[in-house]
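Accompanying notes for the structure given below.
Residue indices begin at 1 and follow the sequence shown. What's counted below: heavy atoms across the whole structure, side chains too, no hydrogens, waters or symmetry copies. Keep in mind the model is a prediction, meaning the values are calculated, not measured. Just so you know, ligand 1 is whichever comes first in the structure, and atom 1 is the first atom listed for that ligand.
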Amino acid sequence: MLRRDRPIGVFDSGLGGLTVVKEIKKINPQADVVYLGDTARIPYGTRSKQVVEEFSVQDAKFLEKQGVGAIVIACNTASALATQAVSQAVKVPVYEVITAGSQAAAAATHSLRVGVIGTRATIGSHAYAIGIKDLNPKIIIHELACPLLVPLIEEGETKGEIINLVLSKYLKQVKQWRVDTLILGCTHYPLIERLIRSQLGNNVRLINSGEEVAKRLPKLTGKGKDKYFVTDMTPRFIKTARLFLGYDIGDKTERVKLT
Ligand code: DGL
């Protein structure tokens, strides 16, 4: 059972999960959020299931120790590969982005053709495809790993020539699928949603899985008091956090060791 009087715990491989915090705050401005970004070990998207499970369980247990009432796995890779392991490791309810994104996509598609883009690990797990097929076996799903997008976005390349060039390489393939719905299956992609939209046009519905999980959380109460933890803090931290969240969290952030 979700304890509404407790803060909500959110974890990610790094700071990308702050895009999910942003969505939670839009719907539940009063929510108290405890965020953990495993910045010392990002990326998860290039790693094996075993390692992603190991890291994710450590992340979730840390949040549980902070007294959270529920955990949101903001990271698509961790949601895809480690939801089961995390759910078994903690006592609090666990929400994740794959189920939410799959439900939204299955409801949105008219042509029954859905595309998914994400990290190599997320795409390799076929978690979205499995989630969508469970809801409607008639839906045809196309998946594509876009490994160049995370490092570019992390470097602040969210507009301009370079990101548009890389995107056009990936979206060329997406266009060939003739889907009417595309899942942005990575914490970082909402930052380039406008670019994706301008390349794909208005006939493709874009699903932001972070927004979808935020919509599916029960109403959260609290005082809007947030706490942020990271496993590494470099001088770039403030800038990157601002990029994903929209405001500064430097004075609310603490570095922690998980092991
Ligand atoms: N947070 C990850 C995801 O949503 C992207 C970054 C990484 O590879 O760790 O899949």
Would you mind running through ligand 1 and noting each atom that sits below 4.0 Å from a heavy atom of [X]?
X	value
Cys186	3 (C), 4 (O), 5 (C)
Ile42	9 (O)
Asp12	1 (N)
Pro43	7 (C), 8 (O), 9 (O)

How long is the span from the [atom1] atom in [X] to the [atom2] atom in [Y], to the nearest 0.5 Å?
X	Y	atom1	atom2	result
Trp177	Leu144	CH2	CG	4.5 Å
Lys252	Tyr247	NZ	OH	6.0 Å
Leu195	Glu157	CG	CD	11.0 Å

Margin query: Pairs of nitrogen or oxygen atoms closer than 3.5 Å, one from Ser13 and one from ligand 1: do any exist?
Written below: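 Yes, there is a polar N/O contact under 3.5 Å.
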
Check: Is there any N or O on Thr46 that sits under 3.5 Å from an N or O of ligand 1?
Finding: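 No, there is no polar N/O contact under 3.5 Å.
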
Item checked: Pair Asp59-Tyr44, side-chain donor/acceptor within less than 3.5 Å ->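 Yes, because at least one side-chain N or O of Asp59 sits under 3.5 Å from a partner of the opposite role on Tyr44.
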
Note to self: Within the 4.5 Å heavy-atom criterion, are Asp12 and Val20 side-chain neighbours or not?
What the structure shows: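 Answer no - side chains too far apart.
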
Check: Which protein heavy atom lies closest to atom 8 (O) of ligand 1, and at what distance to 0.1 Å?
Finding: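 Of every protein heavy atom, Gly45 N, 2.9 Å lies nearest to atom 8 (O) of ligand 1.
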
Notebook entry, point to check: What residue and heavy atom of the protein are closest to atom 10 (O) of ligand 1, and at what distance?
Noted result: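 Checking every protein heavy atom, the shortest distance to atom 10 (O) of ligand 1 gives Thr77 OG1, 2.6 Å.
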
Notebook entry, point to check: Backbone N or O of Arg178 within a donor-acceptor pair of the Arg113 side chain at under 3.5 Å?
Noted result: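 Flag set: sc Arg113 to bb Arg178 pair under 3.5 Å.
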
